[in-house]
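Lettering follows sequence order; numbering is per chain, from 1. Remember, it's a predicted structure, so these values are computed and weren't measured experimentally.
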Protein chains: 2
Amino acid sequence: MSIESGAPAASAALRILSHLAAQSRPVPAATLASALSLPRSSVYKLLGVLVDAGFVLHFADIRRYGLGIAAFELGSGFGRQEPLSRLGHPVLALLVDRIVESAHLAVMHGRDVLYLIEERAPRKQALVSDVGVRLPAHLTASGIAMLAAMPAAQVRALFPDAAAFTRRGEETGPETYGRLRRILTETRTRGFAIEDQTITPGLASIAVAVIDHAGWPAAAIAVTFERESHDEPSRARLVEETQRHARELSRRIGGVSSPY
Amino acid sequence: MSIESGAPAASAALRILSHLAAQSRPVPAATLASALSLPRSSVYKLLGVLVDAGFVLHFADIRRYGLGIAAFELGSGFGRQEPLSRLGHPVLALLVDRIVESAHLAVMHGRDVLYLIEERAPRKQALVSDVGVRLPAHLTASGIAMLAAMPAAQVRALFPDAAAFTRRGEETGPETYGRLRRILTETRTRGFAIEDQTITPGLASIAVAVIDHAGWPAAAIAVTFERESHDEPSRARLVEETQRHARELSRRIGGVSSPY
DNA sequence: CTCAACTGTCTCGCATACGAGACGGTTTCG
DNA sequence: CGAAACCGTCTCGTATGCGAGACAGTTGAG
């Protein structure tokens with residue numbers, strides 16, 4: 001049946017959950033069977049188990065199945081345990097040790113980025129990316145790095161119209177979807193995102209997405225530095241180290257290695 | 001093995017996930033085996049499947065297991081599919097039809113309530129509880145109803161100190177944990193929460209928690225009315241209808257019936 | 001330093017779950 | 001209106017997964 005030994009029913013149930021999590025609305029049982037290449041009777045049996053456990057709701061009136069409250073509770077539990085922070089701290093500490101510049105870890109939160117970790121290098125100034133701070137994703141290197149690693153449809157969904165391109169004081173950033181798309185294409189080509197003085201004068205940031213097992217940008221690691229303090233070879237080293245540590249964190253969360 | 005027929009490995013895997021979701025930090029495998037009365041070798045096998053699927057992370061350095069990114073994605077997927085809104089809309093529509101007063105559905109979001117649905121009765125004034133609005137839970141009937149249905153430890157965790165009791169303009173509400181606890185005890189005794197002119201002068205609300213399969217307050221249904229328009233028997237009917245519809249929504253999300 | 005406790009892996013006999021396919025009911029489409 | 005498609009349930013022969021318990025390595029306590 002499935003590739004790994006033992007508990008194929010458990011594996012199939014988890015595949016059903018993951019598939020449901022990726023849908024925008026409940027789906028028919030037959031869709032699950034065909035999408036996941038599972039026998040129909042097995043799908044019905046597993047859906048029964050998932051419904052009993054509260055992970056799935058059966059919308060009998062529309063003959064579809066969607067996620068239940070227990071799925072929400074998994075998300076809450078994830079937030080409570082803060083695995084990205086737990087795994088991210090040592091990785092960022094090592095990165096900052098090596099490059100002697102400040103770094104932070106952020107995740108997407110709607111159209112914003114949310115900063116989970118800031119690791120400040122000795123004698124470097126405090127950053128706006130303090131823990132708990134949210135900033136519009138399209139104005140930050142971390143946000144651009146994660147947006148660049150998402151499917152185009154997801155980016156479009158996040159930025160459906162001009163109103164989505166919020167301004168923040170005098171900051172410059174993309175104000176149309178076309179400009180954003182160009183920046184994302186450049187980011188993918190380059191292999192990392194750049195933010196140059198958009199947030200704080202004199203400072204620049206580079207960021208790389210951290211990819212999870214499903215190929216999704218679970219987080220981004222960014223390094224911030226005074227732009228006058230680094231020549232081109234020095235910047236290249238910052239990039240290389242940031243990419244390497246993003247891959248390491250990706251590996252630790254059970255992800256795939258390359259964001260772009 | 002387990003009570004329901006078929007797929008006991010799937011059921012056990014889901015129990016492991018739910019147990020992990022309820023912990024505040026990663027746990028050792030042996031704890032899962034004893035807490036869930038599962039054979040040790042089965043727990044290790046299932047953890048292997050859960051790790052492969054990204055639902056669980058193995059923190060080998062501390063020999064513990066915690067939730068992984070796929071758990072977070074289930075929470076996101078739940079939010080996207082909005083099952084509480086889908087199931088809640090018809091229940092609130094029916095309630096408003098019967099009592100001819102406005103009603104809304106809210107969930108907890110940290111220390112706030114978040115309004116998901118507002119069903120306004122004909123010719124009744126608009127409420128502050130518009131969809132998407134957040135208000136401090138301790139100042140609202142819906143929030144009080146849900147807090148009353150939580151374990152005391154959870155309430156304490158949400159309100160650790162005086163700073164947690166945010167003020168909102170001239171509104172009156174509990175400003176100490178002792179006062180909050182007394183209000184919650186009264187709410188449990190009474191069977192519903194009352195908010196009388198705290199939010200809007202002349203208006204009162206009653207609310208009842210909607211309980212999920214795990215006994216947790218997944219949401220609350222509240223009814224808002226002009227306090228001068230209802231005598232005591234009329235209010236009793238509002239209470240009874242609100243309780244009945246809260247139980248119905250609880251049933252539809254696969255919950256248990258009684259909040260207090 | 002030693003021993004007990006714990007962690008994680010592995011084996012294999014046996015009991016149980018899987019899934020092809022039938023069935024009855026419901027919904028949809030021409 | 002009738003037929004096709006779909007949904008959800010059920011059976012049962014067969015293949016497979018489960019789990020008790022052994023084992024080796026690691027960690028912690030005295």
K.L.:
Between atom OH in A:Y65 and atom P in D:dC7, what is the gap in whole Å?
P.N.:
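Rounding to the nearest Å, OH of A:Y65 and P of D:dC7 are 10 Å apart.
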K.L.:
Using whole Å, what does the distance between atom C1' of nucleotide C:dT26 and atom CG of A:D61 come to?
P.N.:
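Interatomic distance, CG of A:D61 to C1' of C:dT26: 14 Å.
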K.L.:
Which nucleotide in the list D:dC7, C:dA20, D:dA20 gets nearest to the side chain of A:Y44?
P.N.:
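The closest nucleotide is D:dC7.
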K.L.:
Of the nucleotides D:dC18, C:dC18, D:dA20, which one has an atom closest to the side chain of B:S42?
P.N.:
D:dC18
K.L.:
Would you mind telling me which of C:dC10, D:dG17, C:dA20 lies closest to the side-chain atoms of A:P8?
P.N.:
D:dG17
K.L.:
Measure from the side chain of B:A29, starting at C-beta and using heavy atoms only, and say which of C:dG8, C:dC18, C:dT7 lies closest.
P.N.:
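Selected nucleotide: C:dG8.
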K.L.:
Please report the distance, rounded to the nearest Å, between NZ in B:K45 and P in D:dC18.
P.N.:
5 Å
K.L.:
What I want to find out is whether A:E248 reaches A:R244 closely enough, with some N-O distance under 4.0 Å, to be called a salt bridge.
P.N.:
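Judged by the 4.0 Å cut-off on N to carboxylate O distance, A:E248 and A:R244 do not form a salt bridge.
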K.L.:
How long is the line joining CD1 of B:I62 and P of D:dT27, in whole Å?
P.N.:
14 Å
K.L.:
Tell me the interatomic distance from A:L38, atom CG, to C:dG21, atom C1', rounded to whole angstroms.
P.N.:
17 Å
K.L.:
Go through C:dT27, D:dC18, D:dT26 for me and flag the one nearest to the B:A9 side chain.
P.N.:
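Side chain of B:A9 sits closest to D:dC18.
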K.L.:
For the residue pair A:I69 and B:A218, what are the closest heavy atoms and their distance?
P.N.:
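Closest heavy-atom pair between A:I69 and B:A218: CD1-CB, 3.9 Å.
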K.L.:
Which nucleotide wins on minimum distance to the side chain of A:S41, given the candidates D:dC18, C:dT27, C:dA20?
P.N.:
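When the side chain of A:S41 is considered, C:dA20 is the closest of D:dC18, C:dT27, C:dA20.
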K.L.:
OP1 or OP2 of C:dG8 less than 4.0 angstrom from a side-chain nitrogen or oxygen of B:H58, does that happen here?
P.N.:
yes
K.L.:
Which word best sums up how the rings of B:F72 and A:F78 line up, parallel for under 30°, tilted for 30 to 60°, or perpendicular for over 60°?
P.N.:
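Aromatic pair B:F72/A:F78 classed tilted.
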K.L.:
Quick one: the side chain of B:R40 and the base of C:dG8, do they pair up donor-acceptor inside 3.5 Å?
P.N.:
yes
